[in-house]
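What follows is one structure encoded as structure tokens, with my remarks underneath.
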Amino acid sequence: MTQRYYTTSTAFLEALAEAGVQYIFANLGSDHPGLIEALAQARAEGRAGELPQLVVCPHEMVALSAAHAYAAVSRKPQAVIVHVDAGTQNLGGAISNAMRGRVPVLVFAGAAPYTMRGELPGGRNEFIHWIQDVHDQRGIMRGYVKYDNEIRSGTNVKQLVHRALQIAQSEPAGPVYLVGPREVMEEPLEPHAVDPATYRPVEPAALTGEVADEIAAALAGARHPLVITGHLGRDPEAVPKLVDLADLLAIPVLESGAFRVNFPAGNPMHRGWQFTTRMQNPLLAEADAILIVDSDIPYIFANNRPSPDAAIYVVDVDPLKYGMSLWHVPARRSAAANARVALEQITASVRNRDLDHDLIEARRAEVTAAHNAQRAAWDALERPEDGVITPQYLTACVRELLAGEDALILTEAVTNFQVVAEHMRLNKPGSLIGSGGGSLGWSGGGAVGAKLASPERTVVSLVGDGTFLFSVPSSAHWVARRYGTPTLTVIYDNRGWRAPKQSTLGVHPTGAASAADDFHVSFEPEADLPGVAAAAGGAFAATVTDPAELASTLKDALSAVHSGRSAVVAVHLPLAQGSGGPAVASVGNTG
Ligand SMILES: Cc1ncc(C[n+]2csc(CCOP(=O)(O)OP(=O)(O)O)c2C)c(N)n1
Ligand SMILES: [Mg+2]
């Protein structure tokens, strides 16, 4: 034993710091005395700066969502600490989002002590230690993590942490889970080091030359080539590579199920977004060569599909979608490759070919005209209708508000995902993130993590009202104030869940639910959603119903954010269900 306080917990925290973890988003419990003591010892010894900073999160969903967004923005892994089985379960859908969003996050939970007669420090001394001793704690997470393990000894804890983070960061990236019982986390150790440089993530994969040439030949020789992408923009450096290829051959680009800026919206080759499609996209139908690059849902076959004769190529970090039971694209070739590298290879191969420049320039003119017409049609929707704010008008106001700002947009707008994409029309790679998953409520913690990762940027969340409630806003706004992460949240407030209604209409368009507008999705009587943020985090809070007051209220909210205070503005849109409901004051500023 050395003089210095050094336990498994100390080594665990050091390993996180060595691996580039800046923040631990934590919700603590009886399983964490070792970690709490190690942090306090480090502070007492003046070494607190060598360890990650702990961010107290009163709800686990907020903790993991914050770590998720931080990792997505910074592209550095982050950590979450939760309490045994209970805290693990309270991560809820955030773990599913982290998996689908392909973000590197290490989740640590304590585990019930395994001694009860005072044999070891950390053994059972509280009634709860029996209650938290469950059959298979790691099983809770197994469907969602790339790796799970138990820390069984302090001697190799650094190895385990670095290995877990190496796996988390290697593509397809994703969450990992470690558990450590109290006795292990208390174990005294000799300080020890590992070389983090030997745990680098796996290097990006390239295409074989043959496949790169075949894709290049197919795209160069096509009359109607098309690129579909969904998450290539997770790596902002991949975006200019797609621009190079699309510009070179005048290939239209379609973003499908996209929660990133994959291709600049203002590029004339950008031909729009698709989420839940109900109609055939003519571009997809006429395409004779299609490159699907980093896309989880390139199209919804039931109502929007490519021609059976199209030559389809899939280039993806995970072309077989191991995490999805049902997935298929009739591709001539599928390749597991990094999009940035693969696009460079394909473009280089295209440059070595004799190109039909007349064909390319004719197509460029055609695609550009269609791009412009599409934008003009969207522009025409950007106005209130009969005195009511529409989602299109709202989004246009947000876009105007943020002109000139270095903004980072979080989108969790649900049935308005498409509207947000079409009317924000973001150009800058890295300026948009969504959870990538299906479990709503990510944006509450997400905004905290995004702001911590990019304090210089204006972070703006565009969310549904149901989603705002899923995000545990009381916890998220408390954390935001405590840790100084002011952000703007705009609630697309249709006072209900429009999505399940739309889903029902998608299956039963003329059924009884439709006839009676009876969907069980109304949020009447209305809750004061911004008021929750005001109460919990001192946020500027306002509700807008009058189109004439929208721009000025958003401006006031943004000023509040710039002065260091979060702001939440609920904007009344047409109701998700029903047309009644009590009249509401035009602007209720509860902040
Ligand atoms: C955690 C979670 N619970 C339930 C759902 C199912 N769900 C999908 S969309 C939706 C409604 C979301 O409401 P809101 O945010 O107001 O958006 P809107 O549908 O009104 O656009 C629900 C409940 C989900 N996706 N995630
Ligand atoms: Mg809603």
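Residue indices begin at 1 and follow the sequence shown. Atoms within a ligand are numbered from 1 in the order they appear, just like the ligands themselves. Just so you know, these numbers come straight off a predicted model, no measurement behind them.
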| remark: When distances are taken from atom 3 (N) of ligand 1, the protein heavy atom at minimum range is Phe470 CZ, 3.3 Å
| query | So is there a nitrogen or oxygen of Gly466 less than 3.5 Å from a nitrogen or oxygen in ligand 1? | reply | yes
| task | Look at Asp465 together with Arg498 and state whether they make a salt bridge at an N to O cut-off of under 4.0 Å. | result | no
| request: Have a look at Leu469, Asp465, Leu440 and point out the one with the heavy atom closest to atom 12 (C) of ligand 1. | output: Leu440
| Distance-only N or O hit between ligand 1 and Thr415, under 3.5 Å | yes
| query | Got a sec: is Gly496 within less than 2.8 Å of the Mg ion (ligand 2) via an N/O/S atom? | reply | yes
| Does atom NE2 of His562 have more than 12 heavy-atom neighbours from other groups under 6.0 Å away? | yes
| query | Any side-chain donor paired with an acceptor under 3.5 Å for His270 and Gln374? | reply | no
| task | Determine, counting only non-hydrogen atoms of the protein, whether one lies under 4.0 angstrom from atom 10 (C) of ligand 1. | result | yes
| query | Can you tell me how far the CG atom of Asp294 sits from the OG1 atom of Thr229, to the nearest 0.5 Å? | reply | 6.0 Å
| request: Please could you name the atoms of ligand 1 that Thr467 approaches to less than 4.0 Å, counting only its heavy atoms? | output: 14 (P), 15 (O)
| In the protein, what heavy atom is nearest to atom 1 (C) of ligand 1, and what distance, to one decimal place, separates them? | Ser439 OG, 3.5 Å
| request: Could you tell me if any non-hydrogen atom of Gly441 lies under 4.0 Å from any atom of ligand 1? | output: no
| request: Classify the side-chain pair Asn304/Gln280 by whether it contains a donor and acceptor separated by less than 3.5 Å. | output: yes
| request: Run the contact test for Gly438 against ligand 1 with a 4.0 Å cut-off on heavy atoms, strictly below, and give the result. | output: yes
| Can you tell me if an N/O/S atom from Asn494 lies under 2.8 Å from the Mg ion (ligand 2)? | yes
| query | Just heavy atoms, cut-off under 4.0 Å: does Tyr492 contact ligand 1 by side chain, backbone, both, or neither? | reply | neither
| Flag if over 12 foreign heavy atoms under 6.0 Å of OH, Tyr144 | no
| task | Heavy-atom contacts with Val414 under 4.0 Å: which atoms of ligand 1 show up? List them by number with element. | result | 9 (S), 15 (O), 17 (O), 19 (O), 21 (O)
| request: May I ask you to identify the nearest protein heavy atom to atom 19 (O) of ligand 1, giving residue, atom name and distance to one decimal place in Å? | output: Ala499 N, 2.8 Å
| request: Please identify which atoms of ligand 1 are closer than 4.0 Å to at least one heavy atom of Arg498. | output: 18 (P), 19 (O), 20 (O)
| Name of whichever N/O/S atom of Asp465 is nearest to the Mg ion (ligand 2) | OD1
| For residues Tyr492 and Thr467, is any side-chain donor paired with an opposing acceptor at under 3.5 Å? | no
| said: Between Gln137 and Asp85, do the side chains contain a donor N or O and an acceptor N or O under 3.5 Å apart? | reply: no
| query | Taking side chain as C-beta onward, heavy atoms only, is Val317 less than 4.5 Å from Arg102? | reply | yes
| remark: Residue, atom and distance of the protein heavy atom nearest atom 13 (O) of ligand 1 read Trp497 CD1, 3.2 Å
| task | Report yes or no: does a heavy atom of Ala576 sit under 4.0 Å from some atom of ligand 1? | result | no
| said: Pairs of nitrogen or oxygen atoms closer than 3.5 Å, one from Gly496 and one from ligand 1: do any exist? | reply: yes
| query | Taking 4.0 angstrom as the limit, do Arg425 and Glu400 come out as a salt bridge? | reply | no
| From Arg234, Lys321, Arg100, residue fulfilling salt bridge (charged side-chain N to carboxylate O under 4.0 Å, His left out) relative to Asp296 | Lys321
| task | Answer yes or no: is there an ion pair linking Glu382 with Arg399, defined by an N-O contact shorter than 4.0 Å? | result | yes
